[in-house]
Asks: 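Sharing a structure, written as structure tokens. Questions coming.
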Amino acid sequence: MISGPGMTKYNHWIMSDESYNPAETEPKWREYWISNHLHEARDDDPRPKYYCLDMFPYPSGSGLHVGHWRSYVLPDCWSRYKRLQGFNVLHPMGWDAFGSPAENDAIQKGIHPRVGTQRNIENFKRQLHEIGAMYDWSREVNTTDPDYYKWTQWIFVKMFKAGLAYKTYMPVNWCPSCKTGIANEDVVNGRCERCGTEVTKKELNQWMLRITKYADRLLEGLQKLDWPEKVKTMQTNWIGRSEGAVVTFTAIAADGTEHPLKIFTTRPDTLFGATYMVMAPEHPLVPELTSPAQARNVQAYVETVKHEKDIDRAANIEKTGVFTGAYALNPVNGEKIPIWIADYVLMAYGTGAIMAVPAHDERDYEFAKKFGLEIREVISSKQGIDKEAFIGEGTMINSGQFTGTPSDEGRKAIVRWLESKELGSATVNYKLRDWVFSRQRYWGEPIPIIHCSINCGLVPVPESDLPVQLPDVERYQPTGTGESPLAAIKDWVNVKCPNCGNPAERETDTMPQWAGSSWYFLRYASPKAKDALITEKGKEWLPVDLYVGGVEHAILHLLYARFYTMFLHDIGVVDFDEPFERLFNQGMITHVGKSGKAEKMSKSKGNVVNPDDLVRQFGCDSLRMYELFVGQPELDAEWNDHGIEGVYRFLKRAWHWTLMHNGRWNASPPREMLVQRHLLIKNVTERLETFRMNTIVSSFTVEAFLVAIAPFVPHFAEELWQRTGHQPSIFLQKWPKWDEAYTTFDTVTVAVQVNGKLRGTVVVKAEAPEESVLEAATKDPTITRFLDGKQIRKKVYVKNRILNLVVG
RNA sequence: GCCUGGGUGGCGGAACUGGCAGACGCACCGGACUUAAAAUCCGGAGCCCCGCAAGGGGCGUACGGGUUCGAUUCCCGUCCCAGGCACCA
């Protein structure tokens with residue numbers, strides 16, 4: 001700050017101990033809150049509980065930027081508000097600390113993931129501290145802590161015992177050069193991000209979780225949740241329930257052998273329109289059905305698809321496929337139709353084969369046009385099928401005994417007929433697939449299973465032996481066989497079978513990062529419990545009342561967490577089956593960087609704004625307030641580098657205003673002031689309740705009121721609270737209530753329109769009847785100018801708002 | 001291609017259930033204070049047109065229609081931007 005002999009009188013006043021100096025007051029109050037345990041949630045507190053949860057972060061090396069800040073400030077503001085409302089608030093924080101960046105650092109720089117992670121956590125914690133949030137650090141959890149992942153493993157063992165965890169061969173993205181499986185996000189344009197080699201597929205024996213068993217419950221549970229409709233829609237589409245039928249066709253190979261070929265269809269009513277069949281290229285029957293004449297083509301196609309499958313393909317890709325040389329018999333009419341393979345049929349959905357009805361399916365239509373296959377209309381429609389497939393409902397035609405039936409009835413009739421002949425059955429299908437739970441990586445929870453090849457097969461580690469600790473390794477590099485680095489530690493791998501005592505081997509796959517984050521919200525309730533995942537006392541905190549985080553987790557994380565909770569409910573660990581009653585999605589902060597466009601902040605785009613500098617210059621409270629002011633919380637907002645100066649100026653004004661008026665507050669205030677005060681409280685309360693924080697901050701400029709602004713600028717409020725002669729902490733106060741009597745005005749300004757155009761305003765008594773407004777309006781020359789010589793044909797009056805006169 | 005959001009001044013963004021569009025802030029302009037600057041305080045402003053001025057008029061919420069006394073808000077169509085998903089039978 002400026003000082004010295006050149007200081008003016010006014011500067012001197014700024015420099016006095018009344019000046020707003022956040023650098024001095026903010027650390028003081030943070031320390032006060034901590035040493036007085038004000039943010040710790042007590043189990044035995046008699047107040048009603050409120051659990052406000054932030055999505056816990058992955059502690060990355062690059063630290064927080066102002067975009068991250070936004071997602072922590074809103075829930076903190078809300079938590080403080082709930083505290084002032086008299087709730088016993090649990091607002092915890094922790095670390096989702098397993099994950100590949102730490103492992104990559106280990107490979108590239110030789111830093112032990114545990115060491116690197118610990119260092120990042122410390123930096124994150126320091127930065128989070130500057131937010132001034134009321135986190136209860138006594139409940140901090142860390143997914144990489146053995147005391148924590150003991151329970152991550154325990155849940156897996158329970159799932160295994162319940163038949164929800166199983167092993168199967170699944171294709172993974174495989175880089176032939178790195179000799180390792182890689183995640184989808186590390187495949188860029190079909191190539192390995194690290195070495196640029198073309199990625200292919202490799203079948204690996206993988207652990208799977210049977211999430212599909214919960215598909216219906218995951219779908220139905222959505223109905224009772226207070227979540228954004230957008231997220232519910234995304235989850236609904238992801239689960240993708242569709243009703244239809246499985247129908248068995250008879251496939252005849254070139255050598256005359258017959259194989260049942262099952263297909264799934266949502267339109268059994270179009271069965272008579274099937275003119276060919278398509279199998280996924282990976283379908284197990286493909287080799288058996290392919291004729292010698294077609295073998296070369298088929299093999300070549302299958303090979304191409306292996307490479308193409310996960311490549312980002314352009315929007316309007318052309319259909320491809322080849323004929324297998326085999327035919328199938330349609331069960332409804334015995335007709336012989338050709339069997340093709342094509343990549344537009346996916347092995348992972350339905351049965352991996354379809355009957356193609358080009359007249360009534362867009363994709364089949366396109367395919368049939370390209371390869372000159374027959375298109376047969378079986379549902380009548382006005383538009384016909386000359387230009388495109390007709391996919392709507394209509395009357396069945398060319399359909400044997402079913403001709404003339406409306407398609408929706410026909411659907412059921414055909415299924416009944418198929419069932420009676422044992423040729424098919426009504427079936428519900430889901431897009432949702434089982435969850436690939438294996439990772440061939442080091443930095444994750446070891447899957448607690450022992451392979452006993454002599455007697456017992458797959459044996460879970462006894463619960464009393466948990467956790468299976470992650471051992472130190474010499475090398476973090478992949479083994480090249482597709483196994484995790486753990487496979488190289490022989491004295492860790494080799495164990496005795498807990499069942500029969502014979503030599504056996506540990507599972508060397510680890511769990512995905514999702515594992516630890518699927519249940520962490522439960523652990524905050526009793527983070528130190530030794531003998532149970534959650535204590536009886538801890539259960540009282542649950543479920544989470546409000547969950548705040550980015551919309552990018554709308555599907556996977558939230559679905560997995562719901563699945564885990566349902567399972568834990570089923571085995572009696574918790575007594576509810578939906579973990580998050582209310583969900584709020586933050587928008588992200590965009591900023592102009594090198595590209596010249598406003599984009600999401602990231603180091604590579606060079607558009608990151610560091611909060612540390614802003615906190616130093618303007619204080620934490622200014623940044624908090626600007627983060628809330630910047631725009632509607634659920635929408636993205638663009639960062640304005642100078643915007644924070646506005647809130648800083650406001651806080652300075654409010655600071656001096658408060659100190660100037662101190663001591664004069666108890667004088668009986670005039671009604672004018674009471675109205676201002678009650679309106680402010682009403683506004684802030686109502687807008688907080690609907691999360692419209694950005695519009696509240698604007699209304700403060702009317703008049704600052706310490707308790708009402710405390711959730712937004714806690715240090716500021718706390719400091720002034722004390723300076724105005726009160727005992728800290730302000731957060732022990734009650735949220736103020738407003739009185740309707742003071743939120744109404746004696747007079748109102750009514751807008752007067754003529755033919756829908758604003759021509760003036762009149763001030764009348766509140767609740768005034770139409771006649772008195774009209775009377776006032778017809779006395780106002782600025783309005784009567786538009787009425788002269790014309791007749792009022794119609795009057796529309798909305799009380800206290802508007803009078804519209806239609807003249808002509 | 002499909003799904004989901006979104007498009008309002010120079011900029012970020014307000015506007016409760018259809019009722020005074022542009023709150024609040026940034027940037028800008030003018031004034032006060034200052035030797036000067038910064039800071040602070042007061043005032044101004046959507047755009048276009050007429051007028052010396054006081055003032056007056058027109059147009060305006062991506063674009064084109066519609067419903068209505070009245071539309072940023074509701075309906076139909078088009079364009080653009082962002083995010084997500086990849087042919088789900």
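It should be emphasised that the depicted structure is a prediction, and the values quoted were computed from it without experimental measurement.
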Asks: Determine whether A:M347 and A:P284 make a side-chain contact, defined as any pair of heavy atoms from C-beta on separated by less than 4.5 Å.
Replies: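 In short, these two side chains touch, coming nearer than 4.5 Å.
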
Asks: What form does the base of B:rG30 take, syn (within 90° of 0) or anti?
Replies: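 The base of B:rG30 is oriented anti (glycosidic angle more than 90° from 0).
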
Asks: From C-beta outward on A:V798, which listed nucleotide comes closest to its side chain: B:rG57, B:rG19, B:rC11?
Replies: B:rG19

Asks: Checking base pairs now: Watson-Crick or wobble, both atom distances under 3.5 Å. What partners B:rC85?
Replies: B:rG1

Asks: Using a heavy-atom cut-off of under 4.0 Å over every strand shown, decide if A:A348 touches base, sugar-phosphate, or nothing.
Replies: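 No contact.
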
Asks: Within the structure shown, what part of the strands sits under 4.0 Å from A:K757 by heavy-atom distance: base, sugar-phosphate, or nothing?
Replies: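 Counting heavy atoms under 4.0 Å across all strands, the contact made by A:K757 is with sugar-phosphate only.
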
Asks: Could you identify the nucleotide paired to B:rC79, looking across every strand shown and requiring Watson-Crick or G-U wobble geometry with both distances under 3.5 Å?
Replies: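 For B:rC79, the partner nucleotide comes out as B:rG7, under the 3.5 Å rule.
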
Asks: Could I get a table of every N or O pair under 3.5 Å where one atom is in the protein and the other is in nucleotides 45-49 of chain B?
Replies:
none

Asks: Distances under 3.5 Å only, N/O to N/O: pair up the protein atoms with those of nucleotides 65-69 of chain B.
Replies:
from: B:rC69; atom 1: OP1; to: A:K794; atom 2: NZ; distance (Å): 3.3
from: B:rC69; atom 1: O2'; to: A:N804; atom 2: ND2; distance (Å): 3.2
from: B:rC69; atom 1: O2; to: A:N804; atom 2: ND2; distance (Å): 2.5

Asks: Rounding to a whole Å, what distance do you find between A:Y349:OH and B:rA89:P?
Replies: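 Rounding to the nearest Å, OH of A:Y349 and P of B:rA89 are 4 Å apart.
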
Asks: If you check every side-chain atom of A:R649, which of B:rC16, B:rG12, B:rC26 has the closest atom?
Replies: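 The listed nucleotide nearest to A:R649's side chain is B:rC26.
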
Asks: So A:R785, base contact, sugar-phosphate only, or nothing? Heavy-atom distance under 4.0 Å.
Replies: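 Sugar-phosphate contact only.
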
Asks: Just how far, in rounded Å, is C1' of B:rA39 from NE2 of A:H656?
Replies: 11 Å

Asks: If you check every side-chain atom of A:E645, which of B:rC26, B:rC87, B:rG57 has the closest atom?
Replies: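 Looking only at side-chain atoms, A:E645 lies closest to B:rC26.
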
Asks: Do A:R801 and B:rC16 share a donor-acceptor pair, side chain to base, under 3.5 Å?
Replies: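 Counting by modelled atom types and ignoring angles, a donor-acceptor contact under 3.5 Å is found here.
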
Asks: Expressed in angstrom and rounded to an integer, what is the separation of A:I589 atom CD1 from B:rG12 atom P?
Replies: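 One finds 13 Å between P of B:rG12 and CD1 of A:I589, rounded.
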
Asks: In whole Å, what is the span from the CD1 atom of A:I644 to the C1' atom of B:rC24?
Replies: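 Checked: the CD1 to C1' distance equals 16 Å.
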
Asks: If B:rG46 has a Watson-Crick or G-U wobble mate with both distances under 3.5 Å, name it; if not, just say none.
Replies: B:rC59

Asks: Got A:I339 and A:Y276 here, is their nearest side-chain heavy-atom distance under 4.5 Å?
Replies: no

Asks: Students often get this wrong, so: under 4.0 angstrom with heavy atoms, is A:T749 touching a base, only sugar-phosphate, or nothing?
Replies: base

Asks: Taking A:E366 first and then A:K319, would you say they form a salt bridge - that is, a charged N and a carboxylate O separated by under 4.0 Å?
Replies: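 Salt bridge flag = yes for A:K319 with A:E366.
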
Asks: Closest to the A:L346 side chain: B:rG58, B:rC88, B:rU40?
Replies: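 Given the options B:rG58, B:rC88, B:rU40, the side chain of A:L346 is closest to B:rC88.
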
Asks: Both A:T761 and A:T782 contact RNA chain B. Which one's nearest nucleotide lies toward the 5' end?
Replies: A:T761

Asks: Expressed in angstrom and rounded to an integer, what is the separation of A:L623 atom CG from B:rG25 atom P?
Replies: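 Atom CG in A:L623 sits about 19 Å away from atom P in B:rG25.
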
Asks: A:N640 has a side chain; which of B:rC11, B:rC41, B:rA89 sits nearest to it?
Replies: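 Looking only at heavy atoms from C-beta outward on A:N640, the closest nucleotide is B:rC11.
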
Asks: Under 4.0 Å, heavy atoms only, any strand: does A:Y797 hit a base, just the sugar-phosphate, or nothing?
Replies: nothing

Asks: For the side chain of A:D641 and the base of B:rC26, is some donor closer than 3.5 Å to an acceptor across the two?
Replies: no

Asks: Without decimals, in angstroms, what is the distance between A:L614 CG and B:rC26 P?
Replies: 15 Å

Asks: Taking salt bridge (charged side-chain N to carboxylate O under 4.0 Å, His left out) as the definition, give me every residue that meets it alongside A:R363, ordered by chain and number, with sequence neighbours left out.
Replies: A:D361

Asks: Where the side chain of A:F629 is defined as all heavy atoms beyond and including C-beta, which of B:rG58, B:rG12, B:rC88 is the nearest nucleotide?
Replies: B:rG12

Asks: Could you work out which one of B:rA39, B:rA89, B:rC88 sits closest to the side chain of A:V345?
Replies: B:rA89

Asks: Applying side chain to side chain donor-acceptor pair (under 3.5 Å), name anything that partners A:E374, two or more places apart in sequence or on another chain.
Replies: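 In terms of side chain to side chain donor-acceptor pair (under 3.5 Å), with neighbours along the sequence ignored, A:E374 is linked to A:R376.
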
Asks: When you check the phosphate oxygens OP1 and OP2 of B:rC87, does a side-chain N or O of A:K319 lie under 4.0 Å from one of them?
Replies: no

Asks: Taking a pair as Watson-Crick or G-U wobble with both distances under 3.5 Å, which nucleotide is matched to B:rC74?
Replies: B:rG66

Asks: Can you pull every protein N or O that's under 3.5 Å from an N or O on nucleotides 3-8 of chain B?
Replies:
none

Asks: Under 4.0 Å, heavy atoms only, any strand: does A:Q632 hit a base, just the sugar-phosphate, or nothing?
Replies: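 Counting heavy atoms under 4.0 Å across all strands, the contact made by A:Q632 is with sugar-phosphate only.
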
Asks: Please classify the nucleic acid contact of A:D636 as base, sugar-phosphate, or nothing, using heavy-atom distances under 4.0 Å.
Replies: sugar-phosphate

Asks: Quickly work out the A:K369 NZ to B:rC87 P distance and round it to whole Å.
Replies: 24 Å

Asks: Using the P atom as the point on both nucleotides, what is the distance between B:rC2 and B:rU8, in whole Å?
Replies: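 It works out to 25 Å between them.
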
Asks: The test is side-chain contact (heavy atoms from CB on, under 4.5 Å); show your working for A:Y560 and A:I211 and say whether it passes.
Replies: CA-CA 8 Å; A:Y560 293 154; A:I211 190 173; 4.0 Å; yes

Asks: So which nucleotide does B:rG18 pair with, by the Watson-Crick or G-U wobble rule with both distances under 3.5 Å?
Replies: none

Asks: Taking pairing as Watson-Crick or G-U wobble with both contacts under 3.5 Å, can you name the mate of B:rA36, or confirm there isn't one?
Replies: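 In the structure as shown, B:rA36 has no Watson-Crick or wobble partner.
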
Asks: Using whole Å, what does the distance between atom P of nucleotide B:rA89 and atom CH2 of A:W340 come to?
Replies: 23 Å

Asks: Donor-acceptor pairs under 3.5 angstrom involving side-chain atoms of residues 800-808 of chain A: please list them, not counting sequence neighbours.
Replies:
from: A:N800; atom 1: OD1; to: A:E767; atom 2: N; distance (Å): 2.8
from: A:N800; atom 1: ND2; to: A:E767; atom 2: OE2; distance (Å): 2.9
from: A:N804; atom 1: OD1; to: A:G756; atom 2: N; distance (Å): 3.1

